[in-house]
Amino acid sequence: MKDILTAPFLKEMCATTANMYRLGWDERNGGNISWLLDTDEVGEYLDLNHVIRTIPTGFDATALIGRIFIVTGTGKYFKNVTDDPAGNLGIIRIAQDGTTAELLWGYTDGGQFTSELPAHLMSHIVRRSIDPDNRIIMHCHPDYTLALTQVVPADERAITRVLWQVMTESIVVFPEGVGVLPWMVCGTNEIGEATAEKMKDYRLVVWTLHGIYGCGKTMDEAFGLIETVEKAAKMYLLAAAKPQLNVITDAQLAAVAERFNVNYRKEFLDL
Ligand code: 2HA
Ligand code: ZN
């Protein structure tokens with residue numbers, strides 16, 4: 001059995017959480033990541049027959065029975081993951097009943113997975129029905145994205161247009177736009193269901209006055225989506241309250257989308 005601390009997925013969880021903390025996106029215990037792992041790969045590091053304990057999830061994830069995830073822990077700080085991966089992360093498998101998680105590694109202080117597990121697993125189910133290679137769901141609290149939700153209506157078209165209009169890359173990186181949820185109580189099955197519903201149409205979902213969700217096949221893809229939204233929100237807010245003399249017009253947005261051959265959401269433009 002190989003040493004799990006040398007596993008590429010573990011090292012990437014450490015590197016990513018540290019990076020996100022440094023960017024200020026994950027203050028205190030803010031943010032969470034789940035990564036659907038390859039079972040055979042996990043088997044190189046862990047005895048898959050050894051369940052440390054079981055933890056009820058409180059919702060049905062039948063579509064993920066037998067699937068193994070590495071998930072950040074509830075109440076844990078991204079800044080501490082690298083120094084103590086086993087205390088801050090856990091590797092869980094969805095049990096045969098679909099509503100229990102089997103702990104295979106981690107959460108060494110008796111802890112458990114993020115309170116946002118419903119949003120994560122429900123989003124995994126939806127995204128994999130659209131893209132079977134999706135593996136990552138990432139949630140964080142990036143500064144400018146949050147601030148943007150104070151000053152732009154909590155509306156998909158309105159927020160997407162702001163992000164598209166101020167940075168040329170935006171429509172190329174997220175041509176489908178961003179989904180937006182109104183303010184809701186977090187950590188509940190309800191916000192999980194609402195997030196997953198948005199994930200049918202979007203790879204990015206903004207939670208008003210809270211943060212953002214991104215997804216992808218790889219950590220880079222999920223991170224890159226969020227990073228691009230955050231950059232565009234920053235560009236907008238750096239100039240906010242000053243007369244906006246120059247934005248990318250709808251015709252120009254369409255031209256960029258055509259040049260990069262992306263299928264953008266046509267109803268978000270006035271053409
Ligand atoms: O895990 O970010 O949304 C802490 C949070 C809750
Ligand atoms: Zn959060």
Side-chain angles (χ1 to χ4, degrees), residues 13-14 16-36 55-59 61 69-92 101 103 106-127 136-150 154 159 178-199 202-216 219 222-223 225-227 229-230 233:
M13 282 295 275
C14 292
T16 303
T17 48
N19 184 34
M20 292 171 76
Y21 173 71
R22 286 278 155 232
L23 288 166
W25 297 359
D26 297 277
E27 78 293 340
R28 200 174 181 275
N29 63 318
N32 25 76
I33 301 175
S34 60
W35 184 351
L36 172 56
I55 312 169
T57 65
F59 62 96
F69 295 86
I70 188 165
V71 188
T72 50
T74 185
K76 302 304 185 195
Y77 293 21
F78 272 27
K79 81 179 173 65
N80 297 337
V81 173
T82 301
D83 284 345
D84 180 15
N88 292 286
L89 303 173
I91 296 179
I92 58 169
L103 182 64
Y107 306 143
T108 50
D109 63 359
Q112 66 175 59
F113 40 75
T114 169
S115 58
E116 303 296 359
L117 195 73
H120 281 253
L121 294 194
M122 292 177 195
S123 294
H124 275 290
I125 293 169
V126 166
R127 286 314 305 179
I136 305 277
I137 300 290
M138 177 183 282
H139 165 66
C140 56
H141 306 160
D143 300 11
Y144 292 92
T145 304
L146 250 91
L148 189 73
T149 68
Q150 288 182 51
I159 291 192
V178 296
V180 178
L181 289 187
W183 186 88
M184 292 176 74
V185 176
C186 54
T188 62
N189 287 354
E190 287 71 27
I191 202 167
E193 283 157 12
T195 305
E197 187 61 31
K198 292 294 180 195
M199 285 273 180
Y202 302 98
R203 291 168 299 158
L204 287 155
V205 181
V206 171
W207 283 8
T208 297
L209 304 176
H210 183 138
I212 189 165
Y213 270 75
C215 65
M219 204 71 97
F223 179 87
L225 283 166
I226 293 174
E227 184 178 35
V229 167
E230 173 64 357

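Just so you know, these numbers use all the heavy atoms, side chains as well, and skip hydrogens, waters and symmetry mates. For the single chain, residues carry numbers from 1 onward in sequence order. Order of appearance sets the numbers: ligands from 1, and atoms from 1 within every ligand.
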Is the ring centre of Trp25 less than 6.0 Å from the ring centre of Phe223?
yes
Minimum-distance atom from the Zn ion (ligand 2) among N, O or S atoms of His141:
NE2
Could you identify the N, O or S atom of His210 positioned closest to the Zn ion (ligand 2)?
NE2
Give yes or no for whether the N/O distance cutoff of 3.5 Å, strictly under, is met between [X] and ligand 1.
{"X": "His141", "value": "yes"}
{"X": "Ser115", "value": "no"}
{"X": "Gly30", "value": "no"}

May I ask you to list the atoms of ligand 1 that are less than 4.0 angstrom from any heavy atom of [X]?
{"X": "Asn32", "result": "1 (O), 2 (O), 4 (C), 5 (C)"}
{"X": "Glu116", "result": "3 (O), 6 (C)"}
{"X": "Asn29", "result": "1 (O), 4 (C)"}
{"X": "His139", "result": "2 (O), 3 (O)"}

Trace of the ring-ring contact (aromatic ring centres under 6.0 Å, His included) decision for His120 with Phe113
CA-CA 11 Å; His120 281 253; Phe113 40 75; over 10 Å; no
Would you say the side chains of Thr195 and Trp207 form a donor-acceptor pair under 3.5 Å?
yes
Heavy atom of Gly187, distance to ligand 1 below 4.0 Å:
no
Minimum-distance pair of heavy atoms, taken over all atoms of Leu146 and Gly211:
CD1-CA, 3.6 Å
Shortest non-hydrogen contact from Val71 toward Leu117
CG1-CD1, 4.1 Å
Looking at Asp26 and Lys76, is there a salt bridge between them, counting it only when a charged N and a carboxylate O are closer than 4.0 Å?
no
Gln112 CD to Thr114 OG1 distance, which is reported to the nearest 0.5 Å:
9.5 Å
